[in-house]
Amino acid sequence: MVLTSLNQTTSAAQSNAMLEHTLRKIHPQKHHHYQVEDFFCFQMATGSIVDWNNCRNVLTSEDFIIGLIDGLQEEVGNASSVVMYNIGKEWGHYDAEFFHQWFLTEFGYTSSLNELNLNYVLEGWWWPFTAQGWGNWAIDLSEQKNGFLFVDIFDSAVARTLGNVGKPVCHIYAGLLAGFFSRLVKKSLNCIEIQCYAMGETYCKFLIGKQDRIDAATFWLNEGANAKDIETKLNHGEYLK
């Protein structure tokens, strides 16, 4: 189950009301909505699937993902990875604003996200993605003070679909992470996938950071370094050389 879009306001207020999660409407203070039947609301009358945050969801197949990527490749060639990254980044910008709104509202916080525990906030952000089929994640913030961090994605919807093709394929994930974290910290960040399930690895690994860190990682990748090599080099501050 993948692909989400926000509750669009292209129709009348009555249409928006129809996209409202019915269980949440009855139990607005309920936070343990982790069962599929709780998190998702299947509105048979309209053919819509709305999640707990009143975000409209679309069910897609692996054939759709393959068709999307193949079609983009046919249209723009090797630039398809850049297109997917930019789509993801714009999505991340948008989702950061959406997350900020629903997270503070649901839990009744009056402070800003920056005043809350960062790990708690980030787990709150990624949970809907896990429910929607984008995969589980683990985030390493230990090098945040040095301007970069790592995210592991387990069971990427894109990589799982494409299989072992020998190269990173999760460009939309990289863009999503770059866009979200840029908005979260109010700084321009970028992201690169330095390890991918589609390269025969067991999970995908992403580096998020300032442009000089991303440029260094890109260079090392092209020189044949693996994710562990890059992590070691960055931890030793080699990007400064």
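By convention here, the first residue in the shown sequence is residue 1.
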Review point. From Cys170 SG over to Ile192 CD1, what is the distance, rounded to the nearest 0.5 angstrom?
Key: 12.5 Å
Check your understanding: Is a side-chain N or O of Thr130 found less than 3.5 angstrom from the main chain of Gly135, in a donor-acceptor match?
Key -> yes
Check your understanding: Counting only heavy atoms not in Glu97, do more than 12 fall under 6.0 Å of its CD?
Key -> yes
Point to revise | Atom of Leu116, atom of Phe103 and distance for their closest heavy-atom approach | key: CD1-CE2, 4.0 Å
Review point. Are Phe148 and Ile214 connected in a single hydrophobic cluster, I mean Ile/Leu/Val/Met/Phe/Trp/Tyr linked by side-chain heavy atoms less than 4.5 Å apart?
Key: yes
Review point. What residue among Tyr173, Phe98, Phe129 forms ring-ring contact (aromatic ring centres under 6.0 Å, His included) with Trp91?
Key: Phe129
Check your understanding: So Asn119 and Leu141, side chain to side chain contact (heavy atoms under 4.5 Å, CB included) or not? Walk me through it.
Key -> CA-CA 9 Å; Asn119 279 302; Leu141 298 171; 3.4 Å; yes
Exercise for review: Report, as yes or no, whether the 6.0 Å neighbourhood of atom CD on Gln211 holds more than 12 heavy atoms from other residues, nucleotides or ligands.
Suggested key: yes
Check your understanding: Sub-3.5 Å donor-acceptor pair from the side chain of Arg24 to the main-chain atoms of Trp52, do we have one?
Key -> yes
**Study point:** Closest approach of Ala217 to Ile194 (non-hydrogen atoms, all atoms of both residues)
**Key:** CB-CG2, 4.5 Å
Point to revise | Nearest-0.5 Å distance that lies between atom SG in Cys41 and atom CG in Leu23 | key: 8.0 Å
**Study point:** CG-CG distance between Leu234 and Asn146, expressed to the nearest 0.5 angstrom
**Key:** 9.5 Å
Exercise for review: Check the pair Arg160, Glu62 against side chain to side chain contact (heavy atoms under 4.5 Å, CB included), reporting the backbone distance first and the verdict last.
Suggested key: CA-CA 9 Å; Arg160 181 188 63 226; Glu62 291 187 345; 4.1 Å; yes
Exercise for review: Output, in order, the C-alpha distance, side-chain angles, deciding distance and verdict of ring-ring contact (aromatic ring centres under 6.0 Å, His included) for Phe180 and Trp125.
Suggested key: CA-CA 10 Å; Phe180 176 80; Trp125 174 60; 3.7 Å; yes
Study note, to complete from the structure: Value for CH2 (Trp126) from CG (Asn136), rounded to nearest 0.5 Å, stands at 9.5 Å
Check your understanding: If Ile, Leu, Val, Met, Phe, Trp and Tyr residues are connected whenever their side-chain heavy atoms lie under 4.5 Å apart, and connections chain through other members, are Val82 and Met84 in the same group?
Key -> no
Review point. Are Tyr203 and Ile153 close enough, and set up right, to give a side chain to side chain contact (heavy atoms under 4.5 Å, CB included), and what steps lead you there?
Key: CA-CA 6 Å; Tyr203 63 92; Ile153 298 290; over 6 Å; no
**Study point:** Residue pair Leu207 / Leu149, side-chain heavy-atom distance below 4.5 Å
**Key:** no
Exercise for review: For the residue pair Glu123 and Trp137, confirm or rule out a side-chain donor-acceptor distance under 3.5 Å.
Suggested key: yes
Check your understanding: Relative to the ring of Trp102, is the ring of Phe99 parallel (under 30°), tilted (30 to 60°) or perpendicular (over 60°)?
Key -> perpendicular
Review point. Does Asn222 use its side chain to pair, donor to acceptor, with the backbone of Phe219 at less than 3.5 Å?
Key: no
Practice item. Give a yes or no on whether the backbone of Asn54 and the side-chain of Glu20 come within a donor-acceptor separation of less than 3.5 Å. Key: no
Exercise for review: Would you indicate whether Glu37, at its atom CD, is surrounded by more than 12 heavy atoms from other residues, nucleotides or ligands within a distance under 6.0 Å?
Suggested key: yes
Practice item. Using the side chain to side chain contact (heavy atoms under 4.5 Å, CB included) rule, take Gln43 and Ile49 through it: C-alpha gap first, then chi angles, then the decisive distance, then the call. Key: CA-CA 6 Å; Gln43 301 184 346; Ile49 305 172; over 6 Å; no
Check your understanding: How close do Ala157 and Thr161 get, heavy atom to heavy atom, and via which atoms?
Key -> O-OG1, 2.6 Å
**Study point:** Closest approach of Ser142 to Asp140 (non-hydrogen atoms, all atoms of both residues)
**Key:** OG-OD1, 2.7 Å
**Study point:** Expected output: side-chain Arg56 to main-chain Asp51 donor-acceptor under 3.5 Å
**Key:** no
Practice item. Evaluate whether atom NZ of Lys145 has more than 12 neighbouring non-hydrogen atoms of other residues, nucleotides or ligands under 6.0 angstrom away. Key: yes
Check your understanding: What is the distance from atom CD of Glu106 to atom CD of Gln101, rounded to the nearest 0.5 Å?
Key -> 12.5 Å
Review point. With no hydrogens and no angle check, do the side chains of Asn190 and Tyr85 hold a donor and an acceptor under 3.5 Å apart?
Key: yes
Review point. Under 4.5 Å between any side-chain heavy atoms of Asn226 and Gln195, yes or no?
Key: no
Review point. Hey, any chance Tyr120 and Leu113 share a hydrophobic cluster, counting ILVMFWY side chains that come within less than 4.5 Å of each other, even indirectly?
Key: yes
Practice item. State whether a side-chain donor-acceptor pair under 3.5 Å links Asp70 with Gln73. Key: no
**Study point:** For the student: nearest non-hydrogen atoms of Ala198 and Ala159, plus distance
**Key:** N-CB, 4.0 Å
Practice item. Look only at the side chain of Asn53 and the backbone of Cys55, and say whether a donor-acceptor pair between them is shorter than 3.5 Å. Key: no
**Study point:** Backbone of Ala178 reached by a side-chain donor or acceptor of Ser182 within 3.5 Å
**Key:** yes
Revision key, fill the gap. In terms of heavy-atom contacts, Cys191 and Ala174 come closest through CB-O, 3.2 Å
Practice item. Using a strict cut-off of less than 4.0 Å between a Lys/Arg side-chain nitrogen and an Asp/Glu carboxylate oxygen, indicate whether Lys205 and Glu193 qualify as a salt bridge. Key: no
Exercise for review: State whether the side chain of His21 and the backbone N or O of Phe39 hold a donor-acceptor pair below 3.5 Å, judged by distance alone.
Suggested key: yes
Point to revise | Within 6.0 Å of CG in Asn78, more than 12 heavy atoms from elsewhere | key: no
Point to revise | Ring geometry between Phe40 and Phe42 (parallel below 30°, tilted from 30 to 60°, perpendicular above 60°) | key: tilted
Review point. Under 3.5 Å, is there a donor-acceptor pair between the Asn114 and Ser112 side chains?
Key: no
Review point. Are Leu118 and Gln144 side-chain neighbours, meaning at least one heavy-atom pair lies under 4.5 Å?
Key: yes
Exercise for review: Following the transitive rule for hydrophobic clusters with a side-chain heavy-atom cut-off under 4.5 Å over Ile, Leu, Val, Met, Phe, Trp and Tyr, establish whether Val50 and Ile26 coincide in one cluster.
Suggested key: no
Review point. Would Val169 and Met199 show up in the same hydrophobic cluster when neighbours are defined by side-chain heavy atoms closer than 4.5 Å?
Key: no
**Study point:** Gly237 backbone acceptor or donor facing Asn235 side chain under 3.5 Å
**Key:** no
Check your understanding: Out of curiosity, Ile172 CD1 to Leu68 CG, how far, rounded to the nearest 0.5 Å?
Key -> 7.5 Å
